[in-house]
Amino acid sequence: MWDFEHPPHNAELAARYDIRYTQPALCADDLLAGRADLGLIPIAALTPELAIVPGCTIASLDRVRSIQLIVKIKQKTCRAEDPTRALHQIRTVAADTASRSSLAYAQILFRKFLGTDPEFVPSPADPIAMLAHADAALLIGDPALLALESRERIGQAAGPCIWLDIAHEWRTRTNLPWVAAVWAVRPKALADSPTGPSKLIEDLRQSRDHGLARIDSLVAEWTPRIAIPPETIRDYLTRNIHYTLNIECVAAIELFRRYAADAGILAPLPRLRFL
């Protein structure tokens with residue numbers, strides 16, 4: 001979003017784009033309801049009516065850091081170095097529902113790869129409270145990043161836990177990137193806009209590239225906003241997140257949607273539609 005928020009391009013872009021910020025799942029709701037024309041949405045929310053804008057994505061090539069599954073260890077039957085056994089013992093997961101894709105990835109982990117089907121209970125993103133009434137907690141986004149900074153405190157309050165990065169769990173089982181979100185557009189809306197497909201793709205790619213060239217500025221901006229060390233913010237932006245929608249990412253989206261449909265988590269998506 002660099003060009004949309006910073007000079008010299010933000011003024012020109014503001015004349016063509018009306019930007020609204022909200023959670024990923026709500027972005028998808030607004031796009032599908034026609035309240036928005038373009039959205040950075042979870043891949044779980046893609047439908048045949050929406051077209052993916054080529055070029056940009058929110059993904060990870062291994063550990064994403066911001067999607068954490070925290071599993072309580074049942075001390076008599078499980079050891080910290082035995083995550084598979086701990087996963088098989090989970091019956092309830094307190095789940096932050098901020099992102100449909102992240103929730104679906106966790107469900108695929110259990111249903112597809114482990115052959116289990118724990119109950120997912122929507123919960124506020126408070127790991128200590130979540131682990132007080134469930135076997136595991138799924139944290140998404142900032143709450144996951146902040147929880148990692150407080151692992152010792154959470155462990156003292158909730159007891160011994162195993163921390164699993166959902167993107168890493170996907171990568172080790174599929175050898176594909178973990179993809180969270182893409183830009184998607186309602187093609188009919190774009191047909192009525194002075195901004196055509198080529199210009200839209202160029203605007204989004206250029207903004208991404210300008211942001212990647214200004215990591216130091218982004219770290220400086222975000223350090224006062226979130227209680228995470230600057231070096232962790234830098235690593236997150238440069239190592240944890242992957243921003244280019246390449247062939248491997250497209251294959252990952254297709255596999256994710258197929259697994260989610262097979263497991264009854266999401267409706268089938270016959271094919272991906274691109275702008």
Side-chain angles (χ1 to χ4, degrees), residues 24 42-44 57-74 77-96 98-118 120 127 131 134-141 143-145 147-148 151 154-155 160-182 232 235-266 269 272:
I43 61 170
T57 187
I58 301 296
S60 180
L61 301 182
D62 190 5
R63 298 182 187 274
V64 73
R65 192 176 181 88
S66 52
I67 314 293
Q68 294 290 321
L69 182 68
I70 311 172
V71 183
K72 287 193 298 190
I73 298 175
K74 298 181 180 180
T77 58
C78 184
R79 298 176 300 173
E81 63 270 22
D82 188 10
T84 301
R85 186 170 182 179
L87 287 168
H88 276 286
Q89 293 178 343
I90 293 173
R91 297 294 177 265
T92 55
V93 179
D96 179 1
S99 168
R100 294 173 188 168
S101 294
S102 300
L103 182 61
Y105 273 110
Q107 292 172 315
I108 288 171
L109 172 64
F110 288 102
R111 295 187 190 179
K112 172 69 178 179
F113 297 120
L114 298 172
T116 63
D117 191 14
F120 281 73
L131 292 169
D135 299 323
L138 178 66
L139 294 175
I140 297 168
L145 296 173
L148 284 169
R151 286 183 66 157
I154 293 168
C161 296
I162 296 172
W163 293 63
L164 299 173
D165 187 301
I166 291 293
H168 178 70
E169 297 302 313
W170 169 266
R171 179 77 192 199
T172 58
R173 290 168 170 82
T174 65
N175 199 34
L176 287 171
W178 175 88
V179 182
V182 292
T232 302
D235 281 350
Y236 181 68
L237 293 174
T238 58
R239 298 183 181 182
N240 295 120
I241 302 298
H242 172 76
Y243 304 90
T244 301
L245 186 63
N246 55 24
I247 294 173
E248 290 78 15
C249 287
V250 172
I253 297 172
E254 292 173 335
L255 185 64
F256 164 81
R257 290 302 301 247
R258 185 164 79 247
Y259 282 172
D262 291 345
I265 298 166
L266 298 173
L269 186 64
L272 300 181

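Heavy-atom basis, side chains included; hydrogens, waters and symmetry copies ignored. On a predicted model such as this, the values are computed, not experimentally measured, just so you know.
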Novice: With sequence neighbours excluded, tell me which residues meet side-chain hydrogen bond (donor to acceptor under 3.5 Å, both in side chains) with Arg171.
Specialist: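 Partners of Arg171 under the side-chain hydrogen bond (donor to acceptor under 3.5 Å, both in side chains) test: none.
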
Novice: What's the spacing between Thr84 OG1 and Phe113 CZ if we round to 0.5 Å?
Specialist: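 One gets 12.5 Å once the value is rounded to the nearest 0.5 Å.
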
Novice: Taking all non-hydrogen atoms of both residues, which atom of Trp163 and which atom of Ala147 are closest, and how far apart?
Specialist: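 Closest approach of Trp163 to Ala147, heavy atoms only: CH2-O, 3.5 Å.
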
Novice: Would you check if Thr57 and Ile253 make a side-chain contact, meaning some heavy-atom pair closer than 4.5 Å?
Specialist: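 Of all side-chain heavy-atom pairs linking Ile253 with Thr57, none is under 4.5 Å.
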
Novice: State, with a plain yes or no, whether a side-chain heavy atom of Tyr236 is found less than 4.5 Å away from one of Ile241.
Specialist: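 Tyr236 vs Ile241: side chains touch.
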
Novice: At their closest point, which heavy atom of Ile162 faces which heavy atom of Pro83, and how far apart are they?
Specialist: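 That closest heavy-atom pairing would be CD1-CA, 3.8 Å.
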
Novice: Roughly how far apart are Ile90 CD1 and Thr92 OG1, rounded to 0.5 Å?
Specialist: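 Here the interatomic distance stands at 8.5 Å.
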
Novice: Would you say Leu109 and Leu164 make side-chain contact, with heavy atoms under 4.5 Å?
Specialist: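 No - every pair of side-chain heavy atoms lies 4.5 Å or more apart.
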
Novice: What's the shortest heavy-atom distance between Leu103 and Phe120, and which atoms?
Specialist: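 Scanning both residues, the minimum pair turns out to be CD1-CD2, 3.6 Å.
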
Novice: For Arg173, I'd like to know if atom CZ has over 12 heavy atoms of other residues, nucleotides or ligands within 6.0 Å.
Specialist: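 Yes, CZ of Arg173 has more than 12 neighbouring heavy atoms, counting only those of other groups under 6.0 Å.
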
Novice: Do the side chain of Tyr259 and the main chain of Arg111 share a donor and acceptor less than 3.5 angstrom apart?
Specialist: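 Such a contact is absent between Tyr259 side chain and Arg111 backbone.
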
Novice: Could you state the interatomic distance from CH2 (Trp178) to CG (Asn240), rounded to the nearest 0.5 Å?
Specialist: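 Between Trp178 CH2 and Asn240 CG, I get 10.5 Å after rounding to 0.5 Å.
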
Novice: How far does NE2 of His88 sit from CG of Leu114, to the nearest 0.5 angstrom?
Specialist: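 One gets 5.0 Å once the value is rounded to the nearest 0.5 Å.
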
Novice: Is any side-chain heavy atom of Ile43 closer than 4.5 Å to a side-chain heavy atom of Phe256?
Specialist: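 The answer is yes, as the side chains (C-beta and beyond) meet within the 4.5 Å cut-off.
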
Novice: Side chains of Ile67 and Tyr105, heavy atoms from C-beta outward: is any pair under 4.5 Å?
Specialist: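 No, side chains not in contact.
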
Novice: Roughly how far apart are Ser101 OG and Ile140 CD1, rounded to 0.5 Å?
Specialist: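 Going from OG on Ser101 over to CD1 on Ile140, the span is 9.0 Å.
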
Novice: How close do Ala252 and Pro177 get, heavy atom to heavy atom, and via which atoms?
Specialist: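 So the minimum-distance heavy-atom pair works out to CB-O, 3.2 Å.
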
Novice: Do Asp135 and Lys72 sit within salt-bridge range, that is, some charged N less than 4.0 Å from a carboxylate O?
Specialist: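 A salt bridge is absent here (no side-chain N lies under 4.0 Å from a carboxylate O).
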
Novice: For the residue pair Leu69 and Val93, establish whether any side-chain heavy-atom pair is separated by less than 4.5 Å.
Specialist: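 Yes, side chains in contact.
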
Novice: Please determine if Arg258 and Glu254 form a salt bridge, counting it only when a charged side-chain N lies under 4.0 Å from a carboxylate O.
Specialist: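 No, no charged N to carboxylate O under 4.0 Å.
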
Novice: Measure the shortest side-chain to side-chain distance between Asp235 and Arg65 over non-hydrogen atoms and say whether it is less than 4.5 angstrom.
Specialist: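 Asp235 does not reach Arg65 side chain to side chain.
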
Novice: Could you tell me which residues satisfy side-chain hydrogen bond (donor to acceptor under 3.5 Å, both in side chains) with Trp170, sequence neighbours excluded, listed by chain and number?
Specialist: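 So Trp170 forms a side-chain hydrogen bond (donor to acceptor under 3.5 Å, both in side chains) with Thr174.
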
Novice: Given side chains that start at C-beta, do those of Ser102 and Ile166 come closer than 4.5 Å, heavy atoms only?
Specialist: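 Sidechains of Ile166 and Ser102: no contact.
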
Novice: List the atom of Cys249, the atom of Asn246, and the distance in Å for their closest heavy-atom pair.
Specialist: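 So the minimum-distance heavy-atom pair works out to N-OD1, 2.9 Å.
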
Novice: Using every non-hydrogen atom in the two residues, find where Ile70 and Leu131 come nearest and quote the distance to one decimal.
Specialist: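 Looking at all heavy atoms of both residues, the closest pair is O-CD2, 3.7 Å.
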
Novice: Working to the nearest 0.5 angstrom, can you tell me the gap between Gln68 CD and Arg63 CZ?
Specialist: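 With rounding to 0.5 Å, CD (Gln68) is 9.0 Å from CZ (Arg63).
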
